[in-house]
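The structure appears below as structure tokens.
Side chains are part of it too, since the values below use all heavy atoms of this structure and drop only hydrogens, waters and symmetry mates. Predicted, not measured: the structure shown is a model, and the values here were computed from it.
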Amino acid sequence: MDILPDPIAFEWDKGNIYKNLKKHQITIQEAEELFSNEPFTIVEDVKHSTVIENRFQGLGKTNTNRKLFVVFTIRNDKIRIISVRDMSRKEEAIYEKFETNS
């Protein structure tokens, strides 16, 4: 799915920065690394998308191979991360299939 802006740029909500760091111990830098490392898989989050804004879910890894799940949207040609956390076991199994095939 080719939905990412080019060049990749980010827009952060200060509340989400704090929430992701406090709740999941994930920094802005780690979250942003997902979008430039391969493989990075994206699907549309149909359940949480609206007429005004599409949401997406992604599985990827940081530069230190930390595997993360991210929810984001695209606003004004910028990636706006809504939530990011470590992958669940089920998500990690799905992601490993992409790693094997890349």
Closest non-hydrogen atom pair, A31 against I26: N-CG2, 4.2 Å
F35: ring pair (Phe, Tyr, Trp, His ring centres under 6.0 Å) partners, not counting sequence neighbours: F10, F40, F72
Pairwise side-chain contact, L4 with I42, heavy-atom cut-off 4.5 Å (strictly under): yes
Pair V84-H24, side chain to side chain contact (heavy atoms under 4.5 Å, CB included): steps then yes or no: CA-CA 8 Å; V84 61; H24 303 293; 5.9 Å; no
CG/D77: more than 12 non-hydrogen atoms of other groups inside 6.0 Å: no
I28-L21 co-clustered via ILVMFWY side chain contacts under 4.5 Å: no
Minimal non-hydrogen separation, N65 against K61, with atom names: OD1-CD, 3.4 Å
Non-neighbouring partners of D86 that pass side-chain hydrogen bond (donor to acceptor under 3.5 Å, both in side chains), sequence neighbours left out: R66
Verdict with reasoning, I81 to N16, per side chain to side chain contact (heavy atoms under 4.5 Å, CB included): CA-CA 8 Å; I81 294 177; N16 283 349; over 6 Å; no
Euclidean distance, I79 CD1 relative to I3 CD1, rounded to 0.5 Å: 7.0 Å
Counterpart residues, side-chain hydrogen bond (donor to acceptor under 3.5 Å, both in side chains), relative to T64 (two or more places apart): T62
Any pair counted as salt bridge (Lys or Arg N to Asp or Glu O under 4.0 Å), so long as it reaches residues 46-59, sequence neighbours left out: E53-R75
For V71 against D45, the heavy-atom pair lying closest together: CG1-OD2, 4.4 Å
Heavy-atom pair of closest approach, residues N20 and S83: OD1-CA, 3.7 Å
Contacts of type salt bridge (charged side-chain N to carboxylate O under 4.0 Å, His left out), residue R85, not counting sequence neighbours: E91
Separation of F69 CZ from K90 NZ (nearest 0.5 Å): 11.5 Å
Side chain Y95, main chain L68, donor-acceptor under 3.5 Å: no
Over all atoms of both residues, closest heavy-atom pair of N54 and S49: CA-OG, 3.5 Å
Qualifying residues under salt bridge (charged side-chain N to carboxylate O under 4.0 Å, His left out), relative to D13, sequence neighbours excluded: R80
N63 backbone acceptor or donor facing E33 side chain under 3.5 Å: yes
